[in-house]
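The analysis underlying the following values was restricted to heavy atoms, covering all of them including side chains, and did not include hydrogens, waters or symmetry mates. Residue numbers begin at 1 in each chain, while the letters A, B, ... track the order of the sequences.
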Amino acid sequence: MNYNFRQIEAKWQQYWTKNQTFKVENDSDKPKFYALSMFPYPSGAGLHVGHPLGYIACDIYARYKRHKGYNVLHPMGYDSFGLPAEQYAIQTGQHPAITTETNIKRYREQLDQLGFSFDWSREVRTSSPRYYKWTQWVFIQLFNSWYNNQTDKAEPIEHLTAIFEKEGNKGVNASCDDDTPVFLASEWNGFSEKQKQQVLLKYRLTYLADAEVNWCPALGTVLANDEIVNGVSERGGHTVIRKKMTQWMMRITAYAQRLLDGLDTIDWPQPLKDSQTNWIGRSEGASAIFKVIPTAPSNGESHQIEVFTTRPDTIFGASFMTLAPEHELVAKITTPAQKSEIDAYVEATSKRSERERMADVKTISGAFTGAYAEHPFTKAPIPIWIGDYVLANYGTGAVMAVPCGDQRDYDFAKHFDIDIPNIFDGVDISEEAFADKANTLIANSDFLNGLAYKEATRKVIEELEKIGQGQGKINYRLRDAVFSRQRYWGEPFPVYYDADGMPQMIAEEHLPLELPEVEKYLPTETGEPPLGNATDWAWNTEANKVVANELIDHKTVFPLELNTMPGWAGSSQYFNRYMDPHNAAAIYSREAIDYWQDVDLYIGGSEHATGHLLYSRFWQKFLFDRGVAPKDEFAKKLINQGMITGTSAFVQRINFEVDYVKSKSTVIGQTFGSNIFLSATNKIKEDIVIDKSELLKLDNSFQGLIEKIEQENNLEISRVRFDKIHVDISLLEGTSDSLNEEAFKKWRPEFNDAILLKENDGTFKVQREIEKMSKSKYNVVNPDQICEDYGADSLRLYEMFLGPLEQSKPWNTAGITGVHGFLKKLWKLYPAVDDSEPTPDNLKTLHKTIKKVEEDIENFSFNTSVSTFMICVNELTAQKCTSKAILEPLAILVSPYAPHIAEELWEIMGHTGSIANVSFPKLEVKYLVESTKAYPISFNGKMRFKLELPLDMAKADIEAAVMAHEQTAKYLDGRTPKKVIVVPGKIVNVVG
RNA sequence: GCCGAAGUGGCGGAAUUGGUAGACGCGCUGGAUUCAAAAUCCAGUGGUAGCAAUACCGUGUGGGUUCGAUUCCCACCUUCGGUACCA
């Protein structure tokens, strides 16, 4: 009987669905385990072989934990709001909900054929109103909360108003806007409702603000910092400019310190933690206030500039100040003489895009305001400059420039010929700044002279505080997150604006506020977001009727917020929603989250380090503060699976460039495109331009070809350029590098009459290169095809076998025959299964395998356990093992990896019910006899040996083994060991 | 620039309290089976020298610690990932 994987896999997939094998309850005598894979965005392209890697690993672990007696929650869902569906809608008019539905269907089919143990009854979709009701709900909770720095947690906003009513905001230590005014209780109580709301907005954890945002004109929306890569949009690579807009913001900065501290409590990969640490960017230092020296036209107003510095110890080295061009004081302090220069500079800077500004970090530019500030200690006047190397949105947007201690300040000073005083003892600063904190003492600095960095810093902060011009301060790079998107396909905000224009939350009992129908998915002509296209009746759908009625007050219809939430809104709590996904009364029940607590294992890509994974931690901490979640970190352990890359194929097309056409006048650099392709093993490997004579030197077979073309076209070829063109990997012969000529010519009409310059053996080789797997690179390998050819079990095993889970590795279908062969060999062991006694060899092989596989799964080294299985099966085959006592446990061992075949083998052995519910085999070390090895470990007078022995040998047996061991005996050289020291585990010290 | 990860055969990769480097798989070579092919099975496969036993070399480079280093320490080179005028 052959291994008919198609039939077996279809059979068991149906069985699992029919019997709801993987449906899990929120209560059990067993311990709980929550294994989670990051849910996918269902794109139109479907899955390629790279996508399931993490799912397979997570599934193996989940199935393993189930065998180990855990109640395992292993859900799956879809992050189904997103830009591609919207873009498609803009192009075709197709409603994103429809595209999304189609894509989900396709994803589900593809996922189902891989045999995952998902509990599909718990599926969530972020774009479903039943789900986003709770995304809107969390938003409202954030709106109704403020961050109390005193208690270091989020609290209800009513607590804050109660304080305001009694004592104003003087004693309140909260995370709030910098421009929050100070008021007394009496003042607060006298405020109008609107004024109160305006003040509260400065405290709420989600708030409206005029923020300088990253505006992407091409996409018509704002982008968060993590959606911008190298100054252009992550999606589509469009230009991003800075623009001031009123936006909803998330006060994530309130949690900066706790987001840092929390990293110590979770088992996440160090690189990912580092990347979050970096992103939060904590720096310790001091803030210092420099008073601006009033100049004649300042009409009596006094100004001061607050700076943040990590080097307060160098304050006596400050010889100028630099403000960001956008700094609000710039206009106020600039002298009339300098006004035109400053205006021109500010104008020029604001025009530059983020990308331009990043592109030339080397150009030093700036302008002098004409104003001076007073040094807090020396009282010396310090010129105030502006320069775009100072960023408006970091620190206070102003720096005290210490050219001797900071390279940028140094370069700026050199460029504009500003004084560079040296305040370091015995350091040469004639060439560059001295930025080293250690290794020198402060000089020329009054009360700081002779002190080192640390003491000087402490001392100067003390002095600054004394004169009321500064204090120690911790600054974070992390900024509040923009939460508004000018898009259609996202969660609508549960917000309307009252008669005062103040934002009001829609009552919880009326949620969800559903997305209205629109005719166009583009922004409106007046520049409003796409939701502005919705007519009143569209908002007033059956679903939104109650909401609509609520909004009609005294014949006024209050306008709704027209922005939608960003992609990460829906993904920031989905992991908790799985615990109780159908709850219509709450985001999840207390019982459900008390039972499941948090995610035990989370597997997903590292690209979410500073996006989803940071925002989710933020929301989790918030919900923890407000008593909604029992844990303030949502995932105990996280693994980043590596990317499976594709192997792209390229052909080289020859393009001739001519400088001179004989029949006509001279044409410089004209390209004479050819349809001639060169096989890859010919010397040229890059997309390069080479001189004709160089080409002939490389390979003189070009001589005839070139001459022919020159004659036919009456021109002279000067240079040759090679274009590298992607070709679809399905155009190759099997898994080789040879191009199928016929298929290639048919692939694109323009290649119909292509001329292929082949190898001597008549083949045409393509060039291979490892790249990200993507449709546009024509290097996608489809899992459906693999399942068809080799089966899901082979695919699962092979994905694991490719290499370490966390590393990125290239896909190469050729190797799959190895694991497929293993499954066939495994299959062959079972038809003969009987009740015979296992031999010692059988037992040794089995228990060796149990030990290794168990260790491997616990360490997520799935690749090596596949090797272990292969060795096991080879050994058992050689041993002609037919014993049920061996083959039964083996089937269980294999089942997390290759569940379909395991179920079938289980049935063949006469069992009913799913193998997934069977206990993992128990390891018995007594069957493991390891080879004994001995090494001398020290020679100082005594002879000692380290000896590796089986784990559970009795002491007498160990002594006997030592004596019997050939190598040891050689070292002992006839002497009797005086003492044998047994170290628990496997090391024995023999003292000779 | 800064932070991080990694460099082992033709290829993917094994090998951790330092202990026989190259497990396992792919590929390749030879053989069996076959009219032939596919599939399957057997043997070989780091390099150099040798008929052979064997010897020497070998985990990016150069040093160091050690009886012993892919593993630990120092310096450097290369590749990849993140981040970047962050004061």
What integer distance in Å separates [X]:[atom1] from [N]:[atom2]?
{"X": "A:D388", "N": "B:rC85", "atom1": "CG", "atom2": "P", "value": "11 Å"}
{"X": "A:Y798", "N": "B:rG12", "atom1": "OH", "atom2": "P", "value": "11 Å"}
{"X": "A:I382", "N": "B:rA87", "atom1": "CD1", "atom2": "P", "value": "20 Å"}
{"X": "A:D274", "N": "B:rG82", "atom1": "CG", "atom2": "P", "value": "14 Å"}
{"X": "A:Q641", "N": "B:rA5", "atom1": "CD", "atom2": "P", "value": "19 Å"}
{"X": "A:L391", "N": "B:rA84", "atom1": "CG", "atom2": "C1'", "value": "10 Å"}
{"X": "A:K273", "N": "B:rU83", "atom1": "NZ", "atom2": "C1'", "value": "19 Å"}
{"X": "A:F822", "N": "B:rC26", "atom1": "CZ", "atom2": "P", "value": "13 Å"}

request  = Identify which nucleotide among B:rC86, B:rG82, B:rA14 has an atom closest to any side-chain atom of A:N278, counting heavy atoms from C-beta outward.
outcome  = B:rG82
Give me the distance, rounded to whole Å, that separates [N] from [M] when you measure between the [atom1] atoms they each carry.
{"N": "B:rC72", "M": "B:rU59", "atom1": "C1'", "answer": "16 Å"}
{"N": "B:rA87", "M": "B:rC80", "atom1": "C1'", "answer": "30 Å"}
{"N": "B:rG30", "M": "B:rA37", "atom1": "P", "answer": "13 Å"}
{"N": "B:rG13", "M": "B:rG62", "atom1": "P", "answer": "25 Å"}
{"N": "B:rU65", "M": "B:rC11", "atom1": "P", "answer": "34 Å"}

Strictly by Watson-Crick or wobble contacts shorter than 3.5 Å, is anything paired with [N], and which nucleotide is it?
{"N": "B:rC56", "result": "B:rG47"}
{"N": "B:rG9", "result": "none"}
{"N": "B:rU40", "result": "B:rA32"}
{"N": "B:rG1", "result": "B:rU83"}
{"N": "B:rC72", "result": "B:rG64"}
{"N": "B:rA23", "result": "none"}

ask   = How do A:K828 and A:K809 order along RNA chain B: which one's closest nucleotide is nearer the 5' end?
value = A:K809
[X]-[Y] aromatic ring centre distance below 6.0 Å:
{"X": "A:H375", "Y": "A:F316", "value": "yes"}
{"X": "A:Y345", "Y": "A:W385", "value": "no"}
{"X": "A:F320", "Y": "A:F416", "value": "no"}

message = Whether the side chain of A:H608 engages the backbone of A:L613 through a donor-acceptor N/O pair (distance < 3.5 Å, no angle test) should be reported.
response = no
Under 4.0 Å from OP1 or OP2 of [N]: is there any side-chain N or O of [X] that close?
{"X": "A:Q807", "N": "B:rG81", "answer": "no"}
{"X": "A:N2", "N": "B:rA39", "answer": "no"}
{"X": "A:K824", "N": "B:rU40", "answer": "yes"}
{"X": "A:R477", "N": "B:rA84", "answer": "yes"}
{"X": "A:T322", "N": "B:rA87", "answer": "no"}
{"X": "A:N863", "N": "B:rA14", "answer": "yes"}

What nucleic acid atoms does [X] come within less than 4.0 Å of, heavy atoms only: base, sugar-phosphate, or nothing?
{"X": "A:K825", "answer": "sugar-phosphate"}
{"X": "A:Q270", "answer": "nothing"}
{"X": "A:N475", "answer": "nothing"}
{"X": "A:D409", "answer": "nothing"}
{"X": "A:T817", "answer": "sugar-phosphate"}

key: A:Y389 versus A:D411, side-chain donor and acceptor atoms under 3.5 Å   = no
query = Donor-acceptor pair under 3.5 Å: do we get one between A:N812's side chain and the base of B:rC11?
reply = no
task = Would you indicate whether the side-chain heavy atoms of A:I305 and A:V307 approach each other to under 4.5 Å?
result = yes
ask   = side chain to side chain contact (heavy atoms under 4.5 Å, CB included) with A:I850: which of A:K852, A:E854, A:K848?
value = A:E854
message = Going by the glycosidic torsion and a 90 degree boundary from 0, is the base of B:rG82 oriented syn or anti?
response = anti
